[in-house]
Each structure stands twice: as structure tokens, then as C-alpha cells.
Amino acid sequence: MSFSDLKSAPTGKLSWEFRGEELHLRGRLDLQTLEQHRTRLEKELRQFARPRLQVNLQGVEYLDSVGVAFLNLLRVFLPSQVQEVTLVQIPAHLKKVLENFSLPSQKERRGVLRGEWLADFGDQVYRIFQESVPQFFYLMADVFYWSVVDLFHSRHRRKGEFYHQGVLMGANAIPIIGLISLLIGLVLALQSAAQLRQFGANIYVVDLIVISMTREMGPLLTAIIVAGRSGSSIASEIATMVVTEEVDALKTMALNPLRYIVVPKMHAMIVTLPLLTFLADVVGIFGGAIIANIYLDINFSIFFNRMENVLLFRDLLTGFIKSIIFAGLIVLTGSFHGFRVKGGSEGVGRVTTASVVTAIFLVIFADSMLGLLFYFD
Amino acid sequence: MNAEKQNKEAVIRVENLSAHFGKRIILREVSFQAFSNEITVILGRSGCGKTTLLKHLIGLYPVRQGRVEVMNFSLAGIEEDDYHQFALRIGVLFQNGALLNSLTVAENVAIPLEQNTHLPASIIDYLVRLKLHLVELENAADLYPTQLSGGMRKRAALARAIALDPPILFADEPSAGLDPVTLSALDELFLRLKHGLGMTILLVTHEVPSILRLADRVVFLDEGRVLYAGPLTGALESDIEPIKEFFRRELSLRSLKGSSSLQSRK
């Protein structure tokens, strides 16, 4: 729907006539009439073949800012051989309108500087390494420092915040993490069962499930799910607080926003993520045991007997260390992006997305680094 | 004629409008008229129902009791299609601007032009720059609303409200948070819109200097009732106590300032 469709539009009329070099306009020259007649008028203007055009406004009753814009931009619609456009016989009551609603002519829009793409790319890389990376490490140092300090300063802790965050990040994630790791355990066992059966190496499915769940799949899966759940919520919560100036308010009340907002989350995450990882290990192995029981004729007692021999404390420890590092990374990327928010509600959405993507990337990157490290002992 | 329309017609008619939120009564039987090509100011102290009244006039709150007619649109139980027609012909400046934060100032002003007209890009571009020039923000065209100060945001929102040259402009506290120089420039713009384009303007404000400069007609609200509705001169000479107090405040404050400076000199 647009203005030209207005049922109840005022009965504005516009008419025009070309007389030699003159264009006589009559009636109302406003949004409604221009919407109606502009295409026809423009077509006739484009066929105008003389070097000068005088626009006679004597018959014009009403002019609004769209009309003024049209008159000022007439040249755009005229063929290029027209050298001069003048407005003549302007009625007194229109002079003021023309004067008040015209742009000062000398002001042209300033151009935007556009660099070469290579320079732009270099600029971006430079900015990442000059600004983002150092900022991330500063934040990491600060959060690490305050997380340790606040362990011993109960006065600065918000009462109940650790518990509250622990429920949000940990307890509430139990069902989804349990379900996903059960499914992964099932699938992992199922896929390997088909292969192992060919060689009669059925029993090794226990080794495969137990080691891969505890060392790799458990910590990684849990961290990725938690990065999606809690990492995004940390980023959006902090970003919203920045946008609504709550963070500024905290600063002016002599509170350290890192200590007040981030540290409780860090504590809660470092405690709950290893516990969730342990849950994922247990449920995943159980899922593997079910498949082994059904497809490979390995009953539970054989499975768990074998597991006792296979499962080393070192494997559990590996997963545990990994999950603590992942916990730190998730909280840090969430708060890093949250504090960097620019703009309003759209900015919050942008940093939330960025934080999830970065957190998952960092988790997988750290996992591969740690994998290498533990592989060589 | 462009400049002076001699025969005044009532473009806004409100009859016995009442409104309440839950048990709290906000408006009690409000009646008044506003005439074309005039500036009508709704005034009163904070919490007297000014913004609620305005939101009824622009159709954001449903009219449950009474009648509201704006430009021959009856707003009680208005159909969606009719409301669309109505919305095309009004401009609204919200109290805190209500600019879309994800768009630049220029893009914000261009929204109504691009969505509701078929004008070519060159004219839209010209109009956007013109409206920003009118509110003296031409240098802020490419900034985002969050990069603007409160007063600038309000002026950008005004540029958007007048983008389509609406016959009626509603403005909710356009003066709040503006410095005196910007304020008088804004008042001048309201007068230009009124005289140049024959716009009808309805303002909600309690800035006394602005009221004296602009108002043709005032509607004085007190605890949801209309105490006075009529020409400004009548309000200035009124004997009704809250109105007298409202306009006297300016003067009494000035005398208070004088006496305190005398005391500090002693």
C-alpha cells in the first residue's frame, strides 16, 4: 500500500504544459500528485530538446518538501543538453517554502574512504592481533586473578550467586547432556561393532568405548553443549548489561564488573563442567554397554570386568583437566564478547553469535592441542 | 492557500474520552478539539495523563470509552486497513526517539519514504538530507543512534516523523533534554512546518518558554481531567488555581534565584 492508493486522499490536482522553453505547472505539487503523475511528467521532461528550461510556478497552489525536492532535482530528469534550469514567477507564498525546504546547494555529501581489499584485509588482521588478542589476554589475567582472590574473600561474593549460577549452568544441563552422550555412546558402539565383528575382536569394543568416551568424547561433547547453552547466555547477559549502562552503573558504585558478574560464573563453571563431563562419561559408557550386550553378545558383567582392566585413572584425569580448561575458555569468550558489544539490541545478538562460534572453535582447538600434549605424555 | 488557511476546521475531536489501567483511572471524560494549521499544546504536571492521551490520539491505545476522531478517522474500534491509512498521514515523535538501532540515522529517516512511496532514489536521497538539514543533523547522517547524544537522537526522530510531510504531527516532549539553543531552533522548525506546509501540530510539553512561543491553543490536564481547553491567551489569564500556578512558577523561580543571590552576597 502506498500513498497513490489512498482512498481518502485529498483531491489534489497537478497539470502542466510545455510552451517553448517554459514549463507551466498548475495545482498542487506534493507527494500525492507526484506519486500519481511523476512517471508521465518525467517522460515528457526527458524529451525536452531545448538548451534552457524555465519552470513557471505561477499556477502552483501548494508545495510540500517532496515538490521542492522534485524542483531542485529537475536536472536529473532532463536530457544532458539542457544547460540551465530556472524557476520563474514564483508566487509569494511559495518563496518561503522553497527557501525553507531546500538544501543549501554547496553542501555535497562527503565521500567515504574506500581502501584496497588487500589493505582492508591487512587492517583487519592487524586489528585482531593488536586489539582483540591482547584484550582477550588482559581479560584472562584479570578474571584469573580475581577468581583466585575471591576464593578467600567471602565478603565480595554475592550471596547465593555461585549456587544460582551452578544450577543454571550445571544442574539444568543434566538432561540434555545425559541424553546426547547416551546417544553418542550407542552410535559409537554400533559403528565399531560392525567393524570389530568381522575380525572376531568383539571384546575390544569395551576398550574403544571407554577410552574414547573418557579421554575425548565426554569432555568435548559436554564443552560444546555448554558453550552453546551457557556461553551464549553469559555473552548476551553481559552485553545487555553494557548496552543498558548497568555495567557503567556498577563501575560508578565502585564495584568491579568482572568481580561482580564474571567471577561467580567462572567459579560455577569450573565446578560444574567437570561434573557434567563425568556424567557424560558414565552415561556414554553405559550406552556402549547396551549395544555390546545386544549386538556383540558381551553381557554387562564381561563388559565391566574388561573395563576395570582398560580404564586408567590417567584417562579420567585427562578428561578432567581438559574440562577445567574448557570451562575457563567458555566463560572467558562469553564475557570477552559481552563486554565488547557495540550498538543496541542488534549488537547483543551479534556478540552472542560471535561468542558461541569463538567458544566452540577455541574448545576444539584446545582439545587438539591437549590431545597432542597427553599423547606424548 | 499554502500559507494561511482561513477557515479553521477541527482535525482532532475528542469527546468524553476515559481510560484506566486496571483500577487506576488515567483519563476522566476528556473533551477538546484541535484545529488545522494550529499548534495545540497538551500540558500539565508529570503523571497527569498527557502521554496516555497522546497514545489514544495516535491509535496505540484502544479507545474504550468516548470518541476520538482524527482527520475523519474514528479511532474507536478502527479496522486494520483504516489504521494503515491513518498511520500514513500522521507523524509521531516518541518520547525517547524510538529510532531503530540497527540502522543509521539516514536509513531511519528513509524508512517511511522507501516503504510507503514509489519515489526514485534521487528524490528520496534529497529528502533525507533535507529533513536532516532541517533538524541540523546533516553531519550525523551515517552515524548509528547509539552514537548520538539524547538531544540529537530526538532531532533525528523528528526528521523521521516529518519524512512524509504528514498533515498532523504529534510530538511527545520534544523539548526534554535539549539545550536552549537547540530548543529554540526546534521551536522555529515547528513554526516553519506550520506556516510553510500548513501542518497541524500537537505537542506534549511543559517547557513554559516553548509554550509561550508556539502554542495557539492549549489543553491543560490535571489528574486526568481537562481544566482548560482553548486559546493560549485564555490560559494565561485563567483564574483556575493549577493553571495559574503552572505559569506563575517561571516567574516565582526567577524571583527566588534573585533573592538567594542577594543573600549570598551578604
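No side-chain heavy atom of A:D30 sits under 4.5 Å from any side-chain heavy atom of B:D165. For the pair A:F101 and B:L193, the minimum side-chain heavy-atom distance is below 4.5 Å.
Between A:A69 and B:I123, the shortest heavy-atom contact is CB-CG2, 4.1 Å. Taking all atoms of both residues into account, the shortest heavy-atom contact from A:L103 to B:L130 is CD2-CA, 3.6 Å. Pairing each heavy atom of B:H118 with each of A:E35, the nearest pair is N-OE1, 3.0 Å. Counting all heavy atoms, side chain and backbone alike, B:L197 lies closest to A:S65 at CD2-N, 4.2 Å.
Atom CD of A:E84 sits in a crowded spot, with more than 12 heavy atoms from other residues, nucleotides or ligands closer than 6.0 Å. Residue B:F21 places its CZ atom among more than 12 non-hydrogen atoms of other residues, nucleotides or ligands, all under 6.0 Å distant. For A:F18, the CZ atom sits in a packed shell: over 12 heavy atoms of surrounding residues, nucleotides or ligands are nearer than 6.0 Å. Atom CZ of A:F121 has 12 or fewer heavy atoms from other residues, nucleotides or ligands within 6.0 Å.
Contact annotation for B:P145: neither backbone nor side-chain heavy atoms come within less than 4.5 Å of a heavy atom of chain A. For B:Y126, the parts sitting under 4.5 Å from any heavy atom of chain A are the backbone and the side chain alike. Looking at B:L119, both its backbone and its side chain come within 4.5 Å of chain A, counting heavy atoms on both sides. For chain B, the nearby part of A:E42 is the side chain; its heavy atoms alone come within less than 4.5 Å.
Along residues 46-54 of chain A, no residue comes nearer than 4.5 angstrom to chain B, judged on non-hydrogen atoms.
Considering only residues two or more places apart in sequence or on other chains, B:H56 meets the ring-ring contact (aromatic ring centres under 6.0 Å, His included) condition with B:Y61. Among residues two or more places apart in sequence or in another chain, the side chain to side chain donor-acceptor pair (under 3.5 Å) test is passed with B:R213 by B:D187. Partners of B:V181 by side-chain contact (heavy atoms from CB on, under 4.5 Å), not counting sequence neighbours, listed by chain and number: B:D179.
Here the CG-CD distance, from A:N100 to B:E188, works out to 8.0 Å after rounding to the nearest 0.5 Å.
Most heavy-atom pairs under 4.5 Å with chain B, from the set A:V243, A:V76, A:N72: that is A:N72. Chain B forms more heavy-atom pairs under 4.5 Å with one residue of A:S345, A:G347, A:A92, A:S102 than with any other, namely A:S102.
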